[in-house]
Amino acid sequence: MGRVTIRGVSKRFADVTAVDHLTLEVADEEFLVLLGPSGCGKSTALRMIAGLEEPTEGTIEIGDREVNDVEAKDRDVAMVFQSYALYPHMTVRRNVEFPLKTRRVAADERNRTVQEAAGILGLEDLLDRKPAQLSGGQRQRVALARAIVRRPQAFLMDEPLSNLDAKLRVQTRAELVELRRRLRATIVYVTHDQVEAMTMGDRIAILDHGVLQQVGAPQDVYARPANLFVARFIGNPPMNTVTGDVTRVDGGVGVQIPGSVVELPGALGAAVERRALERVVLGVRPEDLTLADGGPIKATVSVIESLGHERHVICRLEDGQLIIVRQAANVPPPAEESEIGLAADAARLHVFDAESEQRVDA
Amino acid sequence: MSTPADAVVEPGAASRPAVAPAPRGRRFNRAVREAGLGYLLLLPAFLIFAVFIFYPFFRNFYLGFFSTPPFPGQPKNYVGLDQYKDVLTSSEFLDSLKVTVIFAVITVPVGIALGILLAVLAHQKLKGVAIYRAFFSSTVATSIAVASVIFGTLLSPQVGLLQGIQTEPSILQNPDPIINISLPVIRSFIPSVALTAVAVTTIWQNLGLSFILMSAGLQAVPDELQEAAEIDGAGPWRRFWNVTLPLLSPTIFFAFVVGSIFAFQTFGQIDLLTPRGGPLKTTNVLTYYIYDQLQFSKNDGKAAVLAIALFGVTLLLTLIQFQFLERRVSYER
């Protein structure tokens with residue numbers, strides 16, 4: 001297994017910049033998730049690592065070797081495609097065997113390796129079938145088996161779970177994590193699904209418009225989003241964000257939002273003051289808000305969405321902006337259309353510069 | 001699983017009689033009416049087929065039972081199967097069959113192989129590749145007559161650019177006197193060269209269609225499979241043999257079967273380029289032979305037998321192709 005290093009890599013197609021000066025290091029045996037909305041450049045980045053696209057600038061290293069001039073077939077990486085890209089005319093056995101054949105592995109060695117991979121992925125009984133005779137989940141396993149037979153330097157996975165139904169996706173997600181533990185593999189995994197990113201990755205790299213927004217452990221990214229884009233992208237339901245003017249309250253610093261003033265904790269207020277910010281975006285995650293009589297944020301309950309295990313209370317501020325509050329299912333819900341107060345956990349308030357959209361830290 | 005709501009509804013639905021089924025007789029009438037309409041709509045097509053295909057087809061068998069007398073005006077003789085036996089065992093027929101088979105063996109595989117080659121070359125994301133696609137497919141808009149004029153001119157012994165190809169033996173030249181041929185024809189070819197020349201003309205003329213067919217087949221091969229094979233360590237050659245070609249096999253099989261049938265029906269280029277299937281009958285393919293018997297020898301009995309033979313040979317060939325080649329085709333997607 002090896003590390004993957006991307007240094008200042010850009011990819012431009014005609015007048016579109018798909019990836020913009022991306023620098024990223026994936027450690028040996030690390031599971032790195034490239035996360036972002038569609039069109040953010042994550043797949044292009046992965047394809048450049050694979051050698052299917054050529055970077056316009058920058059260098060890519062796999063293991064200890066620069067691979068810019070190395071063809072895809074010689075890069076020693078394996079890829080799992082979103083569509084699985086199984087060879088439809090070959091049986092499962094021949095599909096899995098193919099990467100070994102191209103490398104002229106001897107027949108008995110090949111058989112042994114294929115059996116082993118089939119064992120790991122539970123494909124023993126399917127080896128003589130063709131892809132058309134398999135279910136989506138089984139095809140996915142074949143694609144994985146084809147990737148693991150070779151013990152490559154790195155695995156590249158391009159949305160491998162997105163063609164599975166919801167239940168199978170949860171199951172396969174867990175299996176992938178187990179497989180990864182077993183293989184001790186370096187994995188670069190592309191997804192637009194933040195749940196996959198949060199649950200599987202050692203680290204997440206978030207991209208938007210080809211630009212790297214933040215890299216970090218899932219919990220860090222969740223707890224301390226570097227900018228407004230990350231704050232809004234990670235988390236479901238998403239973080240509530242309200243723009244307001246900075247004001248002084250009782251010697252402290254507060255933010256004037258429609259209908260109320262939210263006081264910032266001392267250190268955070270000081271940081272805002274130090275930077276002489278006039279307008280900021282206040283962010284608070286739905287689970288960090290509570291419904292409280294006399295809470296400082298005045299709102300009207302609009303809709304209550306009950307999910308069984310929890311409830312989303314969707315409120316409106318004075319100007320109509322929506323605020324989502326996550327509430328446990330075992331507390332009584334508020335009445336719809338009722339006027340309520342909301343209290344935010346002061347330690348978990350996020351503040352972003354309204355202009356640069358960057359995080360303001362205490 | 002039924003929800004409680006379903007559970008409430010179901011007993012009600014069961015106790016209420018469903019929509020009364022139509023009485024048996026009325027339902028039967030409707031089926032008859034629909035079938036009648038179906039046959040009625042088929043009738044025009046059937047009539048056209050009957051007049052232009054079925055009747056001539058069976059009439060051929062009938063004609064084959066009568067030998068045509070050597071002089072016009074005499075009554076035809078009923079000879080039964082004797083004429084079939086005589087014609088089908090004649091060396092003239094067997095030679096013609098051989099020529100036809102050789103012609104097909106040259107034109108069909110080479111045409112398909114060149115079509116694949118050009119299609120693979122043009123299947124690139126390169127600037128200006130559309131121009132090549134237009135060039136490669138252009139012969140599809142060319143008639144066999146035009147192709148024959150082009151190649152006939154090129155090969156003309158007097159003015160052709162390729163006249164050097166024609167090696168001498170003038171003894172073989174034009175054994176039959178030719179009347180009525182105004183095109184520059186291949187007169188001085190030694191036999192095998194004549195057939196090759198007609199084959200080359202045919203391949204050239206068919207190349208556009210072959211290219212278009214193979215290009216369409218290639219479009220259906222997902223790029224991701226090529227990419228997967230590349231990452232799996234396959235070089236261009238292996239990708240072609242292990243991924244492209246198998247996925248193209250249904251198209252190739254189709255082109256092979258249809259191309260073979262067309263090859264066995266070759267006529268125009270023989271008529272335009274050669275002295276009546278010559279020299280020395282070396283280009284006397286079956287279809288031309290039939291035409292020759294009918295048009296010049298006025299022997300419709302023999303021509304009918306030959307036409308039936310052509311039908312039989314084509315049918316047999318197609319069955320053999322399905323039997324032996326189709327197994328190697330992978331239709332999976």
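Numbers restart at 1 for each chain; the letters A, B, ... are given by sequence-line order, proteins then strands.
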Worksheet item: Are more than 12 heavy atoms from other residues, nucleotides or ligands located less than 6.0 Å from atom CD of E57(A)?
Response: yes
Discussion item. Do E224(B) and Y84(A) make a side-chain contact, defined as non-hydrogen atoms from C-beta onward lying under 4.5 Å apart?
Written reply: no
Discussion item. Are more than 12 heavy atoms, taken from residues, nucleotides or ligands other than L316(B), located less than 6.0 Å from that residue's CG atom?
Written reply: yes
Worksheet item: So does Y132(B) have more than 12 non-hydrogen atoms from other groups sitting under 6.0 Å from OH?
Response: no
Worksheet item: Is atom OH of Y39(B) surrounded by more than 12 heavy atoms (other residues, nucleotides or ligands) closer than 6.0 Å?
Response: no
Worksheet item: For F46(B), does the CZ atom sit with more than 12 other heavy atoms under 6.0 Å from it, leaving out its own atoms?
Response: no
Item to complete: Under 4.5 Å heavy-atom distance to chain B, tell me which part of Y87(A) shows up: side chain, backbone, both or neither.
Response: both
Worksheet item: Is the number of heavy atoms from other residues, nucleotides or ligands under 6.0 Å of F262(B) CZ greater than 12?
Response: no
Fill in: Flag side-chain contact, heavy atom, 4.5 Å: R238(B) against K101(A)
yes
Item to complete: Compare every heavy atom of H89(A) with every heavy atom of P246(B), then report the nearest pair and how far apart it is.
Response: CB-CD2, 3.2 Å
Worksheet, complete the sentence: Separation between CD1 (I231(B)) and CZ (R47(A)), nearest 0.5 Å, reads 8.0 Å
Discussion item. With a 3.5 Å distance limit and no angle check, can you tell me whether R103(A) reaches the backbone of D232(B) through a side-chain donor-acceptor pair?
Written reply: yes
Item to complete: Could you look at L156(A) and say if it's the side chain, the backbone, both or neither that has a heavy atom under 4.5 Å from chain B?
Response: neither
Worksheet item: What's the spacing between L225(B) CG and S83(A) OG if we round to 0.5 Å?
Response: 7.0 Å
Response to the item:
If one checks every heavy atom of R94(A) against chain B at 4.5 Å, the contacting part turns out to be neither
Worksheet item: Hey, is CG on D165(A) packed in by over 12 heavy atoms from elsewhere, all under 6.0 Å?
Response: yes
Response to the item:
Honestly, the part of R75(A) sitting under 4.5 Å from a heavy atom of chain B is neither
Practice prompt. Count the heavy atoms of every other residue, nucleotide or ligand shown that sit under 6.0 Å from CZ of F254(B), and state whether that count exceeds 12.
Written response: no
Practice prompt. Work out which heavy atom in K73(A) is nearest to a heavy atom in G235(B); give both atom names and the distance.
Written response: CD-CA, 3.6 Å
Fill in: Smallest separation among heavy atoms of G233(B) and T102(A), with atom names
O-CB, 3.5 Å
